[in-house]
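Single-structure report; data block below.
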Amino acid sequence: MSDESKKDSELMKKIVSLCKSRGFIFQSAEIYGGLNGCWDYGPLGAELKRNLKEVWWRRNVQERDDIVGMDGSILTHQEVLKASGHVGGFSDPMCDCLLSKARLRADQIPEQSGTVYSYTGASHEESGWSVNKPYSVLLTEGQDPNKAKKTARLYYSQFLTDKQISPKKLELTDESTQQVENVTNFNPENGSLLTEARQFDLMFKTHMGASAVDNDPAAVAYLRPETAQSIFVQFKNVLETNRMKLPFGIAQIGKSFRNEINPRNFTFRSREFEQMEIEFFCYPEDGMKLTDEWLENRLCFYEDIGIPREHLHILDVPDGERAHYSKKTYDIEYEFPFGIQELEGVAYRTDHDLKAHQESSGKSLEYFDDQKKEKIIAHVVEPSAGCDRTVLALICEAFDEETITDDKGKQEIRTVMRFDPKIAPIKAAILPLLKNKPELVEKAREIQKILQPVMTVSYDDGGAIGRRYRRQDEVGTPFCITVDFETIGEEGSEDLKDTVTIRERDSMEQTRMPISELLQFLIAKIH
RNA sequence: GCGGGUAUAGCUUAGUGGUAAAGCUCCAGCCUUCCAAGCUGGCUACGUGGGUUCGAUUCCCACUACCCGCUCCA
């Protein structure tokens, strides 16, 4: 591991540990040993995620005339997912190399021709050991026939109980050869036979209702693998009930489920995750242009919530790597400590989805174009963001360790979560300077009552004031409001009465402000 | 799915075939007039299940979870 990636791995460890110790993210069912690929948000994580979703909704639905929201069911009719191509085609056929155990995509193995050497087993005379398993090796033209024997011995040697026996001492049984052309069931790397191609079903399947028959195929339903399909399926209803005119969008935030083979990287790839999606319907001729516009719009959004553009990467997904229905796809990626990974895809999906559902359901999903006096199938541009991934990006982006030197020259590390105030879990902490002075405590509680109806605040009177500031730094609270002796009029001039100090998280600077102005000041900062 | 590693308190770590130590955090109290002060007291842990053993947190096996590298990510 390079120094750089070691450093990043250490950084990720710190972030994961802070998430746990401060109550952002816990492992799901931790007391039972954990559930693979599932995570729970603790009190602060829940606030953070809620804030993200609220900003997203406000920017994309509340503040726009041309986008409306919906909230579809998670349990999904199997016909919906047959039409969308998820049932049957959702996963890639995979096969494993019997020798190296490498996993390959069956549809990406190049065709090969040559001679297949087949065996029925192997034995070791001295020890009396033997195994019966058919196996074969493909040799392409010009390869040494001994290579087939060598590969086969290596394969059979993995079944040896006595690992001291050299593969070279194995006798192969019943060698036969056969010429083949354009086959794909051998590993191009080593010629070894592959397992049969298997479909990995990435959808969670369930059965609905109390069916008389076990596994009644009519009762099958799925947990949705994406939120998009419920939008397409409700396209007509939304269009008609809300008198929408092209171009317009339907937005949705909700959970989706994929039975990932290999969840990894903390919450980044998990089996249950939340998406924030817009299906923006448009005229066919505007699709490409709108895709570019949405990319820009989305980049601005990330900037708005505190993820600077220089930490984002735009991947213009090339031909052949896009989904078959997409004419253009941008991936917006973020520099996570564990690598550059996708946060959001902006995909021009053409009329593929509406067309598929129209054909499959037999119901018209057309749009009547008033100008041209004709019916068309709307095209769609889809900005689809991963909510949990964005939360993780926000946490990674916010995390900072600052070395500060005090008056005596002593150095210490200050851990600060530099969340944008808009998404910070706690907006302000209210701190009486001392807790054994009832007047201070009482005033602080009054301020808490003023702010509480409008924002999430925290009251803290435990320990020295400096400690409390640091505690708030570590959870990213942007403002600390301190009630001191000037506030209650016991010290300083009369004009300082009913003013408090506001300590800003990033600069650690303090300003004084009348209590009456607090609410307006904070609202402006957090909106 | 393969290979490698790890699992002790809320966090970070120490340690032992005879059930565990420390720092930080946290809680209570005292004190404290602005950046992790001090004092006193307190809560809390050997991932789960088997096996070996008089006795296992320690040794062995399996499982689970997490991390790293492959693989995969419609």
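Every chain is numbered from 1 and lettered A, B, ... according to where its sequence line falls, protein lines coming before strand lines.
Rounded to whole Å, atom C1' of B/C72 lies 13 Å from atom CZ of A/Phe268. Regarding A/Asp460, its CG atom lies at a distance of 16 Å from the P atom of B/C35, rounded to whole Å. In this structure, CG of A/Asp461 is placed 14 Å from P of B/C31, rounded to the nearest angstrom. Atom CG of A/Asp8 is separated from atom C1' of B/C67 by 14 Å (rounded to the nearest Å). Between the CZ atom of A/Arg512 and the C1' atom of B/U33 there is a distance of 12 Å, rounded to whole Å. In this structure, the CD atom of A/Glu504 is 17 Å from the P atom of B/C35, given to the nearest Å. When the C1' atom of B/A36 is taken as reference, atom CG of A/Asp473 falls 10 Å away, rounded to whole Å. Atom CD1 in A/Ile31 sits about 14 Å away from atom P in B/A45, given to the nearest Å.
Across all strands shown, A/Thr482 has heavy atoms under 4.0 Å from base atoms, whether or not it also approaches the sugar-phosphate. Using a 4.0 Å heavy-atom cutoff across all strands shown, A/Phe266 reaches sugar-phosphate atoms only and no base atom. As judged by a 4.0 angstrom heavy-atom cut-off over every strand, A/Gln472 is placed among residues making no nucleic acid contact. Using a 4.0 Å heavy-atom distance criterion, A/Glu342 is classed as making no nucleic acid contact. A/Gly37 comes within 4.0 angstrom of sugar-phosphate atoms only, judged by non-hydrogen atoms across all strands, and of no base. Across all strands, A/Glu491 comes closer than 4.0 Å to base atoms (heavy-atom distances).
Taking for each of A/His324 and A/Cys38 the nucleotide of RNA chain B with the nearest heavy atom, the 5'-most of the two is the partner of A/Cys38. Between A/Arg271 and A/Glu509, the residue whose closest nucleotide on RNA chain B is further toward the 5' end is A/Glu509.
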> When you check every protein heavy atom under 4.0 Å of nucleotides 19-27 of chain B, what one-letter string (B, S, -) results, 5' to 3'?
Replying inline: ------SS-
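Using modelled atom types, one finds a donor on one side chain and an acceptor on the other under 3.5 Å when comparing A/Ser84 with A/His86. Side-chain contact check for A/Glu47 and A/Tyr41: no donor-acceptor pair (N or O, by modelled atom type) lies under 3.5 Å. For the 3.5 Å distance criterion, the side chains of A/Thr227 and A/Glu277 qualify, holding a donor opposite an acceptor. Under 3.5 Å, the side chains of A/Ser192 and A/Tyr135 contain a donor-acceptor pair of N or O atoms. Between the side chains of A/Ser270 and A/Glu260, no donor-acceptor pair of N or O atoms lies under 3.5 Å.
Dashed line: the shortest gap from a side-chain N or O of A/Asn436 to OP1 or OP2 of B/G29 is not under 4.0 Å. Residue A/Lys20 has a polar side-chain atom (N or O) positioned under 4.0 Å from OP1 or OP2 of B/C11. Considering only side-chain N and O atoms, A/Asn36 lies under 4.0 angstrom from the phosphate OP1 or OP2 of B/C66.
Using a cut-off of 4.0 Å between Lys/Arg side-chain N and Asp/Glu carboxylate O, A/Glu401 and A/Lys14 are scored as salt-bridged. Classification of A/Arg468 and A/Asp461 as a salt-bridged pair fails, no side-chain N sitting under 4.0 Å from a carboxylate O. Looking at A/Asp400 and A/Arg418, a side-chain N of the basic residue comes within less than 4.0 Å of a carboxylate O on the acidic one, giving a salt bridge. Here A/Arg503 does not pair with A/Glu509 in a salt bridge; the nearest charged N to carboxylate O distance is not below 4.0 Å.
Taking atom C1' in both B/U57 and B/U16, the straight-line distance is 9 Å, to the nearest Å. Comparing B/G17 with B/C26, their C1' atoms sit 34 Å apart, to the nearest whole Å. B/U53 sits 26 Å from B/A21 when the C1' atoms are compared, rounded to a whole Å. For B/A14 and B/A9, the C1' atoms lie 13 Å apart once the distance is rounded to whole Å. Nucleotides B/U33 and B/C66 have their C1' atoms positioned 47 Å apart, rounded to a whole Å. For the C1' atom pair drawn from B/A22 and B/C46, the interatomic distance equals 16 Å after rounding to whole Å. Taking atom P in both B/A37 and B/G18, the straight-line distance is 39 Å, to the nearest Å. Separating the C1' atom of B/A36 from that of B/G50 is a span of 46 Å, rounded to the nearest Å.
Base pairing of B/G23: its partner is B/C11, meeting the Watson-Crick or G-U wobble criterion (both donor-acceptor distances under 3.5 Å). Pair assignment for B/G69: B/C2, on the basis of Watson-Crick or G-U wobble contacts that are both within less than 3.5 Å. The partner of B/C54, taking Watson-Crick or G-U wobble pairs whose two distances both stay under 3.5 Å, is B/G18. Base pairing of B/U32: no nucleotide in any strand meets the Watson-Crick or G-U wobble criterion (both distances under 3.5 Å). Figure legend. B/G49 is base-paired to B/C61; pairs are counted as Watson-Crick or G-U wobble with both atom distances under 3.5 Å.
For A/Phe338, the side-chain atoms get nearest to B/C68 when compared with the rest of B/C70, B/C68, B/C66. Closest to the side chain of A/Trp39, from the set B/C68, B/C66, B/U32, is B/C66. Closest to the A/Ser17 side chain, of the nucleotides B/U12, B/G69, B/C35, is B/U12. The side chain of A/Glu474 lies closest to B/A36, out of B/C34, B/C66, B/A36. Taking the side chain of A/Asn262 as heavy atoms from C-beta on, and the options B/C34, B/C70, B/A37, the nearest nucleotide is B/C70.
In summary, of the residues considered (A/Thr482, A/Thr501, A/Asp484), a side chain to side chain donor-acceptor pair (under 3.5 Å) with A/Arg512 occurs for A/Asp484 alone.
In terms of polar N and O atoms assigned as donor or acceptor, the side chain of A/Asp484 comes within less than 3.5 Å of the base of B/C34 in a complementary pairing. One can find a donor-acceptor pair under 3.5 Å joining the base of B/C35 and the side-chain atoms of A/Arg503.
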>> With side-chain contact (heavy atoms from CB on, under 4.5 Å) as the criterion, how do A/Ile74 and A/Phe257 come out once you've worked through the C-alpha distance, each side chain's angles and the decisive distance to 0.1 Å?
In response: CA-CA 9 Å; A/Ile74 287 169; A/Phe257 302 81; 3.4 Å; yes
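By the 5.5 Å and 30° criteria, A/Tyr469 is not stacked with the base of B/C34.
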